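Down below is the structure, laid out as structure tokens.
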Amino acid sequence: MKSPLLLLALAACAPSEQTTASTTAPKSAAGGDLGSIMAARGLSDADVINAAKTYTPSGVHDEYVIFASGGHGGNMIAIGVPSMRILKYIAVFGPEPWQGYGFGGLSDKVLYQDGAQGGKEISWGDVHHPNLSETAGDYDGEFLFVNDKANARVAVIDLADLSTKQIVANPLVMSDHGGAFVTPNTEYVVETSQYAAPLGGGYAPLDSYNDTFRGAATFWKFNREAGRLDPAASWAIELPPYAQDLADSGKLVSDGWVFINSWNTERSAGTEGKGKPFTESGASQNDTDYLHVIDYKKAEALIAAGNFKMIAGMKVLPLEVAAKERVLSFIAEPKSPHGCDVTPDGTGIVVGGKLDTHATVFEFSKIKDQITKGECPSKDPYGVCVLDFQKSIRGQQQIGLGPLHTVFDNKGFAYTSVFLDSTVVKWDYNKLGGETEAISTQYNIGHILSAEGDTVSPDGHWVVAMNKMAQDRFTPVGPLLPQNFQLIDISGQNMSMVYDLPIPLGEPHYAQMIKADKLKTLQAYIPAGTNPYTDKVSEHAVAAGAERTERKGKKVDVYMSVIRSHFAPDFFEVEQGDEVTIHLTSLEQAYDQTHGFSIDMYNVNVSMEPGKYEEITFKADRSGVFPFYCTEFCSALHLEMMGYLLVKPKGS
Ligand code: K7E
Ligand code: CUA
């Protein structure tokens with residue numbers, strides 16, 4: 001008899017309307033010449049050409065690296081292009097054992113302390129928009145920033161070792177979305193709220209939504225020298241309780257400005273059991289919402305001159321001041337907008353309306369002109385000037401059903417992801433209304449990314465469709481399916497789809513693709529004993545021969561070295577209740593000579609890359625004999641790389 005689950009699975013096998021490829025298992029073939037392999041596997045000439053475009057022989061490196069959001073996996077994914085090989089996961093907002101992130105070592109501070117938490121202990125994140133650091137509007141390969149939509153946080157990843165160095169929790173808002181967007185020289189990392197709430201985390205009843213709920217755009221000051229965001233030098237602008245959505249920074253002519261979409265200008269919130277609609281329809285009543293145009297240089301000057309209120313320790317430019325001083329202006333944008341993308345030359349802002357069939361290109365010079373002249377044809381309920389739509393646009397392009405996000409190439413074309421149609425549409429953002437070209441994606445494409453796509457000089461060549469669904473694309477793996485990244489070759493006359501990559505680790509939203517030779521990654525922490533969070537040799541690092549255990553009252557410090565294939569010391573004894581700190585120094589300096597250090601039953605696990613200093617602190621609250629060992633297969637005598645923690649029962 002078939003189980004109910006199996007019956008369900010069979011019912012779900014009804015062919016999808018969008019199915020285009022056979023889902024029967026392909027034959028595998030070995031040996032033979034190309035022609036017979038193609039025949040045996042049923043491959044066409046086009047298949048083989050696509051394979052040749054992406055196939056990357058062993059030992060050959062990729063030309064580009066994608067840094068993709070790991071969505072509600074809370075992490076990041078590095079992917080090589082054109083091979084689409086996954087190169088690394090980067091732990092960000094949640095513990096990750098391979099990197100020893102969040103299991104007793106120094107990374108615990110990044111994850112759980114130093115302003116990384118907004119009150120409750122949080123150990124996951126919903127990563128949406130990674131942004132690479134820029135110098136003069138080009139990716140410089142130094143840092144990566146990402147936002148956590150669920151808990152309003154921003155993380156800093158150092159691309160020297162691809163590890164997370166800092167997490168900051170936004171003290172004002174409960175969720176974010178328009179982040180983490182950098183300004184052209186990474187002066188600021190911009191984070192804007194999504195769902196409105198009282199600023200600073202207080203309580204207010206839902207029926208006071210219009211008066212007490214607010215959004216905010218936070219400008220996190222980046223100190224490049226330190227490689228950290230500086231909360232003390234950061235500030236924010238209070239915004240009306242419209243759901244602020246995607247954002248982008250101006251560049252070149254529009255440098256100094258930030259643009260944010262919004263939806264729910266209806267301010268729909270909560271049905272209250274009074275027949276009010278759910279947000280899904282309540283927030284979709286108006287034909288237009290507001291593109292937020294922010295003159296952030298002016299905001300910065302106003303804050304510096306003392307025009308702020310302190311909320312939860314953050315300087316906030318009040319909404320009245322932002323409106324009066326024209327720091328904030330609105331323009332109508334059609335309907336339930338989502339993507340907001342500044343063109344490479346900085347002259348245009350492309351907005352896709354989820355419930356519209358157009359992409360609208362706003363013209364920055366026309367917007368600025370109206371603001372400079374003080375034009376204010378109408379105001380929103382909070383006194384913010386709303387500019388004339390027709391006077392603010394370059395034009396509109398018919399795209400299809402549900403245009404979301406737009407990226408650019410090096411030939412003046414834009415590529416827009418179209419959610420409902422499941423297509424990528426190529427169009428000319430200067431000559432609007434011309435011919436477009438569409439290519440189908442599988443399925444429900446969300447974001448889209450292109451090579452060096454958010455810079456002042458995109459590379460062209462590749463676009464990746466980041467699909468929300470995979471459906472029939474891969475061998476079934478149960479009801480929870482991976483997402484699907486599809487690599488599209490845009491170098492020819494027509495777009496062509498060349499590769500599918502399943503992403504089985506959360507729902508990636510955005511990603512950026514950087515030229516691989518811009519990344520200058522470390523091969524080891526040099527000299528040995530370098531603390532990866534200070535980039536300095538730790539005062540507690542040990543040289544060979546100086547290993548020791550020291551006791552002061554209830555506090556035990558173990559100074560331990562790590563080298564192929566032993567820990568020194570390889571045992572130490574403490575008493576139950578002692579406070580133990582293990583200072584680990586990897587004496588290795590050779591590339592790829594990584595060890596690990598874990599203590600059984602104590603939830604302690606760190607990665608010891610060559611030269612790294614680690615510090616583990618815990619209370620020895622459980623008595624017994626606990627082996628510790630190296631978790632990386634580092635040599636023929638890797639299994640022998642072990643030792644013992646002995647915890648004597650209290651009072652024995
Ligand atoms: Cu479109 Cu968060 Cu950028 Cu998802 S968002 S798709
Ligand atoms: Cu060191 Cu295994």
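Whatever order the structure lists them in is the order used to number ligands and atoms, beginning at 1. Keep in mind that the numbers below use all heavy atoms, side chains included, and drop hydrogens, waters and symmetry copies. Keep in mind it's a predicted model, so treat the numbers as computed, not measured.
Distances from atom 3 (Cu) of ligand 1 show that H509 has no N/O/S atom below 2.8 Å. Not one N/O/S atom of H447, from backbone or side chain, sits under 2.8 Å from atom 2 (Cu) of ligand 1.
Looking at W427 and T416, their side chains do bring a donor and an acceptor atom within 3.5 Å of each other. Under 3.5 Å, the side chains of H338 and D245 contain a donor-acceptor pair of N or O atoms. Side-chain contact of Q442 with N484: a donor-acceptor pair under 3.5 Å is absent, judged by distance alone.
At least one heavy atom of L246 sits closer than 4.0 Å to an atom of ligand 1.
For ligand 1 and H405, the ligand atoms under 4.0 Å from any heavy atom of the residue are 1 (Cu), 3 (Cu), 6 (S). Near H129, meaning under 4.0 Å from one of its heavy atoms, ligand 1 places the atoms 2 (Cu), 3 (Cu), 5 (S).
Judged purely by atom type and a 3.5 angstrom limit, S175 uses its side chain to pair as donor or acceptor with the backbone of Y195.
The proximity of K149 to ligand 1, defined as any non-hydrogen pair under 4.0 Å, does not occur for either the backbone or the side chain. When non-hydrogen atoms are compared, ligand 1 lies under 4.0 Å from neither the backbone nor the side chain of M466.
Below 30°, between 30° and 60°, or above 60°: for Y559 and H540 the angle between ring planes is between 30° and 60°, a tilted geometry. Between H129 and Y510, the ring planes are tilted. Angles from 30° to 60° get that label. Aromatic ring orientation, Y602 versus F618: tilted (interplanar angle from 30° to 60°).
The nearest heavy-atom contact from the protein to atom 6 (S) of ligand 1 is K468 NZ, 3.3 Å.
Under the side-chain contact (heavy atoms from CB on, under 4.5 Å) rule, V127 has a single partner from H509, K149, M76, which is M76. Considering M641, H638, E588 in turn, E588 is the only one that fulfils the side-chain contact (heavy atoms from CB on, under 4.5 Å) rule with R564.
For H128, the N, O or S atom closest to atom 2 (Cu) of ligand 1 goes by the atom name ND1.
With a cut-off of 2.8 Å, the protein N/O/S atoms near atom 1 (Cu) of ligand 2 add up to 4.
Counting heavy atoms only, H338 comes closest to atom 1 (Cu) of ligand 1 of the residues H338, K354, E507.
A pairwise comparison of heavy atoms in D500 and R473 identifies OD2-CD, 3.5 Å as the closest pair.
With Y415 as the aromatic partner, K426 does not meet the cation-pi criteria of under 6.0 angstrom to the ring centre and within 45 degrees of the ring axis.
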